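Before I ask anything, let me first share the structure, which is written out below as structure tokens.
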Amino acid sequence: MHTTLSLVVRGPVHRLKVVSYDNDGNRVDALPMIWGAEGFVGYTDRDNAVAEVEEGTYQLTSGGIERTDDGEVLRQVVLPEIKVTKDTTVVVDPRRTVKVEIRTPRPAEQSGVLSYQTYREIDGHAWIDGTMYFDSAVALYVSPTPQVTEGTFEFASRWQLAAPLLEAGVIGGADLDASYMPESPLFDQRGERLRAVAAGAADAPDFRGARGRLAVVTDEQGIAGPLLAERAAAAGVRAVLVVHFDTNGWTRWTPHGERWKVPVVRVGSDEGAGLLNRLARRTTTVAFGGTARSPYLYDVMQISEGHVPDRVVHTVSERNSAVVRSAYPDSGGVEWAAEQRFARRPYQEFTWLQYTRHVPTAFTRTEYVTSGTTEWEHIVHHRTVGDVDSPLNTGLRDTPRTYRAGEQVTERWQGAVVRPAIPREGVPASVRDGDVLRLRIPEFTDSATGHWSRLAPGGDTGIGGRAAAPETAEAQLYRDGRKLADLADAWRDVEVPGGDAEYRLRLRTARDTAEWAYATATDTTWTFPSGTVTGQARLPLLQVDHAAPADLRNTVGPGRTHTLRLTVRHQDGLPAPRGVRTTVEVSYDDGRHFVRAPVRAGRGDTFTATVTRPAGVRGDACVTLRVTARDASGASVRQTVTRAYGHRG
């Protein structure tokens, strides 16, 4: 007979009392979060904020939002190392917090959500506490702490800053904390100065005397919208300033949707009252500036390891950042794209606290990204989205990576030619596993070859998608000329017979939307040998990378000829193909007629093709490409991309 006995030995238990104050020094009732090696700690006496805890080390956090004259302020009190060896009282005092300062080379404001997180590891057990807030927050404060002596501690805040979208101020007076209404048109980037006049209430405005001027209206019911802008435009008003019923007049501008008839901006009730009082006494001019096309972006992860210092200052420079010059070519439709860059600290199992931003297309932006141990993943979708407070679940993505300080990086998103291809990295390998083909071929890979996207089935762009964008795919797999299976796409596990054979995989895709003008359809066929293996073996699927001399509109210049550079390769992990032969055919009538383009072999498996516009084609046109490549092993690929890129007339 065997008998197993177990028991849990607890240390002595003591009272941990928490005393909390507000920003004015008043005692308040609060129950801050207590966490220790065994997890969260509950209060045994909630009326007096007392918890009975075993001897040990604990962390306490307390966060909140306050409204100030300048806007909403976030405060976080963190006491990372409370050593309890007897009955203990701790004090939570937000007055001891200090501002987190992010200093940038050029003027910038928070553009997107602001977030911060605390990581604490005690006795091998870890906890992450994160907070995300709207970009209406104007500041973040955190409490300085002593150096942690037991376990690991980190405080990190995530910032995304760009040139101010809207700057407003009274000439000879104070600045105004104004925001564009969501679908307002923008003021001229060169700035405008408008004489302001009082124009009554938003539900019954009086625009007499406001022609060519800034009409200031009060909005006690929150009804200001497109109808107000339409009435203002009919009266010849240049712009409208809405005095909101709340002290916080913040709104979030978006680039999609039908634009209102005139610019409409909003301020809080206190600022608005001050402006209206001034208008009653004297002539007043308001100046507007700012830009929605910021030429720079600061993606910052501010990190305090081991403790929070007495001054929390992060100064963006090439000593702590990489410089990423990102080009966003236009793909048609709305001249904006959705994008986000997720940040992940080494202790995180997943990324969070980062939602969607918008960037102009046909545009290049210099982006400063914090270097070091923070891992970043960038996602760019060719369409705008309505719900920017949700993760962007579709779009081209790169491989998560860290950056070195001072590293110079060039990125190009949605650049021609977009087609199905296995990128250089970032997706699982396409392999034969015993007698199963595990195919992993993304439907959309751009010219950078490191940016890829899966199909959105049924046109569903997922959370963060603004509307259905019809995308379709279909595939067929053949073995020695006989069809084995019809597939929904080429990202499938397919069981195949044993033994050696020649396989043929055909994948067709289409994207039918006004916001996607190029690579509207593709047709790719891979032929490759494969046989039963022990373990896994990568499939010899030839890939063709295109380097078209396209501009930020995904078009080439008006010259009659241009040169297309091609690289033929295998997926990573296989040796370079040998004995490659390549042919290139082009069409200027969407694939009805093709002509062969002269091809010259270069070093390695690179080729250049000279593309010539037919004499009868005038004006702007689209180039459809058909490329065929074969190697000495019998592997081949034949890929047709309809409207691969534009050719200007």
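Please read all numbers here as calculations on a predicted model, not as lab measurements. Counting begins at 1 with the first residue of the sequence. Computed from heavy atoms alone, side chains included, the values below leave out hydrogens, waters and symmetry copies.
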Seminar exercise, completed: Taken in chain and number order and not counting sequence neighbours, the residues that satisfy side chain to side chain contact (heavy atoms under 4.5 Å, CB included) with Gln536 are Val431, Asp433, Arg438
Exercise. Is the distance between the ring centroids of His378 and His451 under 6.0 Å?
Worked result: no
Exercise. Quick one: do the Arg344 and Thr374 side chains pair a donor with an acceptor below 3.5 Å?
Worked result: no
Exercise. Arg506 pairs by salt bridge (charged side-chain N to carboxylate O under 4.0 Å, His left out) with which of Asp486, Asp523, Asp489?
Worked result: Asp523
For this session: May I ask you to decide if the ring planes of Phe528 and Tyr503 are parallel, tilted or perpendicular, using 30° and 60° as cut-offs?
Result: parallel
For this session: For Tyr518, check side chain to side chain contact (heavy atoms under 4.5 Å, CB included) against everything at least two apart and list the hits.
Result: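 Checked Tyr518 against side chain to side chain contact (heavy atoms under 4.5 Å, CB included); matches are Asn554, Thr555, Cys622.
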Exercise. What class does the angle between the rings of Tyr296 and Tyr298 fall in, given that below 30° is parallel, 30 to 60° is tilted and above 60° is perpendicular?
Worked result: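 Because their plane-to-plane angle lies in the 30° to 60° range, the rings of Tyr296 and Tyr298 count as tilted.
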Problem set entry | Geometric class of the Tyr180/Phe187 ring pair [parallel <30°, tilted 30-60°, perpendicular >60°] | tilted
For this session: Take Ser157 and Trp159 through the test side chain to side chain donor-acceptor pair (under 3.5 Å) and record every step on the way to the result.
Result: CA-CA 7 Å; Ser157 57; Trp159 303 77; 2.8 Å; yes
Problem set entry | Any donor-acceptor N or O pair under 3.5 Å, side chains Gln476, Arg504 | no
Exercise. Quick one: does NZ or CZ of Arg401 land under 6.0 Å from the six-membered ring centre of Tyr403, within 45 degrees of the ring axis?
Worked result: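 Because its charged atom sits under 6.0 Å from the ring centre and within 45° of the axis, Arg401 does stack over Tyr403.
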Exercise. With no hydrogens and no angle check, do the side chains of Arg397 and Ser453 hold a donor and an acceptor under 3.5 Å apart?
Worked result: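 No - no donor-acceptor pair under 3.5 Å links their side chains.
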Problem set entry | Which atom of Arg341 lies closest to which atom of Ser326, heavy atoms considered |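 Looks like NH2-OG, 4.3 Å.
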For this session: Kindly assign one of parallel, tilted or perpendicular to the pair Phe444 and Trp516, based on the angle between their ring planes and the thresholds 30° and 60°.
Result: perpendicular
For this session: Scan side-chain atoms only and decide if Gln348 and Glu375 contain a donor-acceptor pair under the 3.5 Å cut-off.
Result: no
